[in-house]
Amino acid sequence: MGVLEPILLRLVDRARRKSAWLFHFNAGACNGCDIELVACLTPRYDVEQLGIRLEGSPRHADILCVTGPVTRTTREALRTIHAQLPDPKVVVAIGSCPATANVFAGSPVIDGPVDRIIPVDLFIPGCPPRPNAVVQGIAEAIELLVAKGVAQ
Amino acid sequence: MTRLFLALLVFPGLLYAVPMGWLMLGSERKVVARLQGRVGPPLTQGFYDFVKLLAKAPVPRAETFLLTLLPILAVASTLGALALLPVGAGGFTGDLIVFVGLLEMAPLCSVLAGFASRSVYGEVGATREAVLGISGNVPFLAALLALASAAGSLQLAAVAGGAPWVVRGPALLALLACLPVKLRMNPFSVANAEQEILAGPLTEMDGPRLALWELAHALEWVVLAGLVAVLVVPGRGGAFVLVSFAVVPLLGTLAAATARFKIDQAARFLWIWAVLAAVLAFFAAMAVRHGSL
Ligand code: SF4
């Protein structure tokens, strides 16, 4: 393995950088942030050219994208889903809701913001953030993902 | 024996099929992206996805043994089916039956994996996969049988070279109609319906296991496209590669142009149109055998 190992590790780093799969979880968002995230996959932004794909199952994903302020009913689901992502994983909170609970702050049915429930690696601010910001955030999340993979 | 090993490990087996499979997956995504006015992922995407998935640490769970065994079986049997394609090394008597058996292992394993994962999405996906598998296999097997009976042999090499075009035409049509079913592509992507039932039978697969499933899928591409190529240009290595690759834009275009069928629509389509083509091939084969064509 001696000589081969650094080459393999660099290959894995490169593969992680080129193939980030997202899982999108709506924790009570108003749908504004969700459509901006989905817009990143459309022809105008086309993040698939970076190997990014929206996956249907959290077990396939590398990056968990959370939108919304985390309502009482989505809290446990969020915990479960976060536990289902295989390591290395990164959590990205999209929008002002998951960061601060936004206009929903103080509501009795809100348990958020997200970092009270699960650890968050990156916040993308905005209500909703523009797709450019989302793309930039995901690009930064990929760098975090690679760094976490190295640490592992 | 050495010939079989060569076929298994070099061409059309491991050494050719794995890169080719990734290239086919990449090109299919590229074709779909171009048709949607996007740039799409690089052609090497399949390779990167595979390496990344291999390097992930799966979440511990109880059913590990079965869920690890099934994708290995799927990869191994699909490789075996590839080795039987009559290009390069020759086959042996009765290899059509072995070929079909090996080819059907991967879908069967994925149905089992869906149930073994104990996820509702996995189970719904597995049920759909089983229904589609039956509907798709009737025309698929009927077309292969028609070819075999027209050629008077169960050897793939003889079948590919021996069946006259009156039989081969409709049989190829039936096989082509079954290809998107077997590759779980639009409009037959009912079993792995993304976002609708998460990822179907593969919902609970993660890390290296998912990597193996992706590899099995890539190999299935190479086998099925290879089967078409063998029937179109029998016995030629170079043309085999070209024709099997030409299947990719064809299926990619179909996938980009269509939406997903419902399970009953998909089954009905196969039972009417694909079976019709297969029956045509069958009648042609009978006519050929009794010397009236
Ligand atoms: S941040 Fe704004 S747009 Fe996004 S979910 Fe919250 S309220 Fe809606």
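Letters go in sequence order (proteins before strands), and every chain restarts at 1. Values below: every heavy atom of this structure, side chains too, minus hydrogens, waters and symmetry copies.
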In residues 29-40 of chain B, what donor-acceptor pairs under 3.5 Å come from side-chain atoms, sequence neighbours left out?
unit_1: B/Arg29; atom_1: NE; unit_2: A/Glu48; atom_2: OE2; d: 2.8
unit_1: B/Arg29; atom_1: NH1; unit_2: B/Asp49; atom_2: OD2; d: 3.4
unit_1: B/Arg29; atom_1: NH2; unit_2: A/Glu48; atom_2: OE2; d: 2.9
unit_1: B/Lys30; atom_1: NZ; unit_2: B/Val39; atom_2: O; d: 3.3
unit_1: B/Lys30; atom_1: NZ; unit_2: B/Pro41; atom_2: O; d: 3.4
unit_1: B/Arg34; atom_1: NH1; unit_2: B/Arg38; atom_2: O; d: 3.3
unit_1: B/Gln36; atom_1: OE1; unit_2: B/Arg38; atom_2: NE; d: 3.0
unit_1: B/Gln36; atom_1: OE1; unit_2: B/Arg38; atom_2: NH2; d: 2.8
unit_1: B/Arg38; atom_1: NH1; unit_2: A/Asp46; atom_2: OD1; d: 3.0
unit_1: B/Arg38; atom_1: NH1; unit_2: A/Glu48; atom_2: OE1; d: 2.5
unit_1: B/Arg38; atom_1: NH2; unit_2: A/Glu48; atom_2: OE1; d: 3.1

Do you know which two heavy atoms are closest between [X] and [Y], and how far apart they sit?
X	Y	answer
B/Pro42	A/Gln49	CD-O, 3.8 Å
A/Pro86	B/Pro58	CB-CA, 4.2 Å
A/His60	B/Met205	CD2-O, 3.1 Å

*Yes or no on side-chain contact (heavy atoms from CB on, under 4.5 Å) for A/Ser57 and B/Glu204, after CA distance, side-chain angles and deciding distance?*
CA-CA 7 Å; A/Ser57 164; B/Glu204 298 284 320; 5.8 Å; no
*Side chain, backbone, both or neither: which part of B/Leu53 has a heavy atom under 4.5 Å from chain A?*
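For B/Leu53, side-chain heavy atoms alone lie under 4.5 Å from chain A.
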*Most contacts with chain A, counted as non-hydrogen pairs under 4.5 angstrom, among B/Phe50, B/Tyr48, B/Phe47*: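 Ranked by heavy-atom pairs under 4.5 Å with chain A, first place is B/Tyr48.
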For [X], which atoms come within 4.5 Å of any heavy atom of chain B: side chain, backbone, both, or neither?
X	answer
A/Asp62	both
A/Leu41	backbone
A/Arg17	neither

*Atom pair OG1 (B/Thr203) and CD (A/Gln84), whose distance is rounded to the nearest 0.5 Å*: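 These two atoms lie 11.5 Å from each other.
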*Does the B/Lys52 side chain pair with the main chain of A/Val12, one donor and one acceptor, at a distance under 3.5 Å?*
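Looks like no, no N/O pair under 3.5 Å.
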*Under 6.0 Å from the CZ atom of B/Arg118, do we count more than 12 heavy atoms belonging to anything else shown?*
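Open.
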